[in-house]
Colleague: 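Before we start, here is the structure in question, set down as structure tokens.
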Amino acid sequence: MESVRVMFHSMEEAQKFVLSIENFPFNVDLQCERRVIDAKSILGILGFGLHQVLELRVHTDDEAELEEFHDKIKGFICGESMEVAI
């Protein structure tokens with residue numbers, strides 16, 4: 001699992017993000033404090049609110065998929081990526 005910090009400044013950005021990741025075959029979560037949602041849910045993202053730093057957790061160990069995923073979301077990343085051990 002890998003984790004990065006992301007932020008959305010508008011509803012259109014959030015929608016573009018969801019459309020970019022919806023076809024990946026692995027789970028992707030967003031966390032804000034103790035709440036966790038499916039990152040492929042536009043309503044969930046908007047429920048968190050805009051202009052907040054959110055932790056995006058990517059649940060795959062496939063390096064090729066992860067690289068493709070990062071290419072799709074690079075415009076939304078707002079910090080250093082973090083390795084998370086389970």
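Heavy-atom basis, side chains included; hydrogens, waters and symmetry copies ignored.
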Colleague: Quick one: closest heavy-atom pair of Met7 and Val53, and the distance?
Modeller: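 Answer, listing the atom of Met7 first, then Val53: CE-CG2, 3.4 Å.
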
Colleague: Measure across Asp38 and Asp29 and return the closest heavy-atom pair with its distance rounded to 0.1 Å.
Modeller: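 Closest heavy-atom pair between Asp38 and Asp29: CA-OD1, 4.3 Å.
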
Colleague: Any idea which heavy atoms bring Met1 and Asp61 closest together, and the distance?
Modeller: N-OD1, 3.5 Å

Colleague: Write out all pairs satisfying ring pair (Phe, Tyr, Trp, His ring centres under 6.0 Å) with one or both partners inside residues 22-42, taking only residues at least two apart or from two chains.
Modeller: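 Listed once each, the pairs are Phe24-Phe26, Phe24-Phe69, Phe26-Phe69.
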
Colleague: Who are the side chain to side chain contact (heavy atoms under 4.5 Å, CB included) partners of Leu46, not counting sequence neighbours?
Modeller: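 So Leu46 forms a side chain to side chain contact (heavy atoms under 4.5 Å, CB included) with Met11, Ala14, Ile42, Leu50.
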
Colleague: Please report the shortest heavy-atom distance between Phe76 and Glu13, naming the atom on each side.
Modeller: CE2-O, 3.4 Å

Colleague: Verify side chain to side chain contact (heavy atoms under 4.5 Å, CB included) between His70 and Ile77, making sure each step is shown before the conclusion.
Modeller: CA-CA 9 Å; His70 276 283; Ile77 297 174; 4.0 Å; yes

Colleague: Would you say Phe8 and Val18 make side-chain contact, with heavy atoms under 4.5 Å?
Modeller: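 Phe8 does not reach Val18 side chain to side chain.
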
Colleague: What's the spacing between Ile45 CD1 and Gln52 CD if we round to 0.5 Å?
Modeller: 12.0 Å

Colleague: Applying side chain to side chain contact (heavy atoms under 4.5 Å, CB included), name anything that partners His51, two or more places apart in sequence or on another chain.
Modeller: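 Expected list: His9.
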
Colleague: Might you point out which heavy atoms bring Glu65 and Pro25 nearest each other, and give the distance in Å?
Modeller: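 Taking every non-hydrogen atom into account, OE2-CG, 3.3 Å.
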
Colleague: Is the closest basic N to carboxylate O distance between Arg57 and Glu55 below 4.0 Å?
Modeller: yes

Colleague: Is the count of non-hydrogen atoms from other residues, nucleotides or ligands lying under 6.0 Å from Lys40 atom NZ greater than 12?
Modeller: yes

Colleague: Considering all heavy atoms of both residues, which atom of Ala39 and which atom of Phe17 are nearest to each other, and what is their separation?
Modeller: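 Of all heavy-atom pairs spanning Ala39 and Phe17, the closest is O-CE2, 3.7 Å.
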
Colleague: Rounded at 0.5 Å granularity, tell me how far CD in Glu63 sits from CD in Glu2.
Modeller: 8.0 Å

Colleague: Roughly how far apart are Glu67 CD and Lys72 NZ, rounded to 0.5 Å?
Modeller: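 Glu67 atom CD to Lys72 atom NZ measures 13.0 Å (nearest 0.5 Å).
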
Colleague: How far does OG of Ser3 sit from CG of Leu30, to the nearest 0.5 angstrom?
Modeller: 9.5 Å

